[in-house]
Protein chains: 2
Amino acid sequence: MSCESDVEQALRESGRRFTMQRSKILTALRHGGGHRTADEIFEQVREEDPHAGISRSTVYRALDTLKQMRLVSELDSHPGTATFEWTDREAPRHHHLVCRGCGGTVELELPALAAIESEIERTTGFDPDIRHLGITGLCEQCRD
Amino acid sequence: MSCESDVEQALRESGRRFTMQRSKILTALRHGGGHRTADEIFEQVREEDPHAGISRSTVYRALDTLKQMRLVSELDSHPGTATFEWTDREAPRHHHLVCRGCGGTVELELPALAAIESEIERTTGFDPDIRHLGITGLCEQCRD
DNA sequence: TTCTTTGCAAATTGTTTGCATGCTC
DNA sequence: GAGCATGCAAACAATTTGCAAAGAA
């Protein structure tokens, strides 16, 4: 699930259509290098190609279907504005630190969380999305 | 920081006022036994005392100042509607599992997270709010 | 009396929806 | 050609803001 044609195939197999808009949204999300809000994606697509037919509702709807297909995931810890990320199954799992002061995010790997994931599953039967985990706090600069 | 008068003092010391509304909001939050959205708090206060002068904006503003004072914390992982909790420093730290299927929440203690907290601080200088951590996923019933 | 807080209503922001048209399969 | 997808504009929901009046120190 890592290049355009795979996505195209996945869409077709589930009876959906592979459209220009979806393709551009995915590209913006994948090559944008990180997390993007719906609005950022909208602006990014529009900027790269002002003639591209794209609207906010399309972005929301596309993100929604891609989420259902598990190709895109919505990050937690961004109060007020949903933030999305391309779900790359090959990449190492990383987690997000979201600063409540400046809103900036830092990524880091926390291998120890894998153990917690299985502990949760074992004790509660809950299947946690550790992958989407966002941890809020204060970054070094904002701690003053 | 566990009874009414402490809150009153904390407010006074920071040059703020101790008002009926703030008192009732806190009571609703503390004795409500768990997490509450702004709207739930509003309804709860209004229900307990229909004559109480309270408005939604007041709830939001009060929660905001209480958050700044670290007396109340906003939980992550509740997309769309912010959820708040009384920050009880004496209580054991618990964490939240939020089901993306039914929206239900489960609380559990995860002592292992304390180690992760210090790891984050050590490696990134970030001060994480592990306390507010919300983990999304699918609960046992919704996994079908 | 001074300065904070409140209520009300209006404004914002982020997101969703209905419907006619366009495009993919 | 059939049915999913799109754009537009309107609908929504949650939260914020301006301003005059009320309340705490």
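So that the names make sense, note that chain A is the first sequence line, chain B the second, and so on, each numbered from 1. Heavy-atom basis, side chains included; hydrogens, waters and symmetry copies ignored.
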Under 4.0 Å protein heavy-atom contact, by nucleotide of nucleotides 20-25 of chain D - B base, S sugar-phosphate only: ---BBS

Minimum side-chain heavy-atom gap [X]-[Y] below 4.5 Å:
X	Y	answer
F126(B)	L138(A)	no
V45(B)	Q21(B)	no
S14(B)	M69(B)	yes
I41(A)	L63(A)	yes

Exam field: side chain T124(A) to backbone I120(A), donor-acceptor pair closer than 3.5 Å: yes

Q21(A) or S57(B), whichever maps to the more 5' nucleotide of DNA chain D: Q21(A)

Rounded to whole Å, please give me the gap between [atom1] in [X] and [atom2] in [N].
X	N	atom1	atom2	answer
R22(A)	dC4(D)	CZ	P	11 Å
L11(A)	dC4(D)	CG	P	14 Å
F42(A)	dT6(D)	CZ	P	14 Å

By salt bridge (charged side-chain N to carboxylate O under 4.0 Å, His left out) - contacts of R17(B) (at least two apart): none

How would you list, by chain and number, every residue that makes a salt bridge (charged side-chain N to carboxylate O under 4.0 Å, His left out) with E43(B), sequence neighbours excluded? none

Under 4.0 Å from a heavy atom of chain B: give me the 5'-most and 3'-most nucleotides of DNA chain C that qualify. dC3(C) to dA9(C)

Anything under 3.5 Å between a protein N or O and an N or O of nucleotides 12-15 of chain D, put it in a table, one pair a line.
{"residue": "dA14(D)", "atom": "O3'", "partner": "G80(B)", "partner atom": "O", "Å": "3.4"}
{"residue": "dT15(D)", "atom": "OP1", "partner": "A82(B)", "partner atom": "N", "Å": "2.9"}
{"residue": "dT15(D)", "atom": "OP2", "partner": "Y60(B)", "partner atom": "OH", "Å": "2.3"}
{"residue": "dT15(D)", "atom": "O5'", "partner": "Y60(B)", "partner atom": "OH", "Å": "3.2"}

Taking atom types as modelled, is there a side-chain donor on H35(B) or E107(B) under 3.5 Å from an acceptor on the other? yes

When you check the side-chain N and O atoms of E40(A) and Q44(A), is any donor under 3.5 Å from an acceptor? no

Result of checking I116(A), I135(A), L133(A), L97(A) against L110(A) for side chain to side chain contact (heavy atoms under 4.5 Å, CB included): I135(A)

Between F42(A) and I54(A), does the side chain to side chain contact (heavy atoms under 4.5 Å, CB included) criterion hold? Intermediate values first, please. CA-CA 7 Å; F42(A) 172 72; I54(A) 190 78; 4.0 Å; yes

Mind grabbing the angle between the end helix axes of the helix from dT12(C)-dA14(D) to dC25(C)-dG1(D)? Five pairs an end, 10° rounding. 20°

Please name the pair of heavy atoms, one in A82(A) and one in E74(A), separated by the smallest distance, quoted to 0.1 Å. CB-OE2, 3.3 Å

Closest heavy-atom pair and its distance - C99(A), C139(A): SG-N, 3.4 Å

Please determine if a side-chain N or O atom of S55(A) lies less than 4.0 Å away from the OP1 or OP2 oxygen of dG7(D). yes

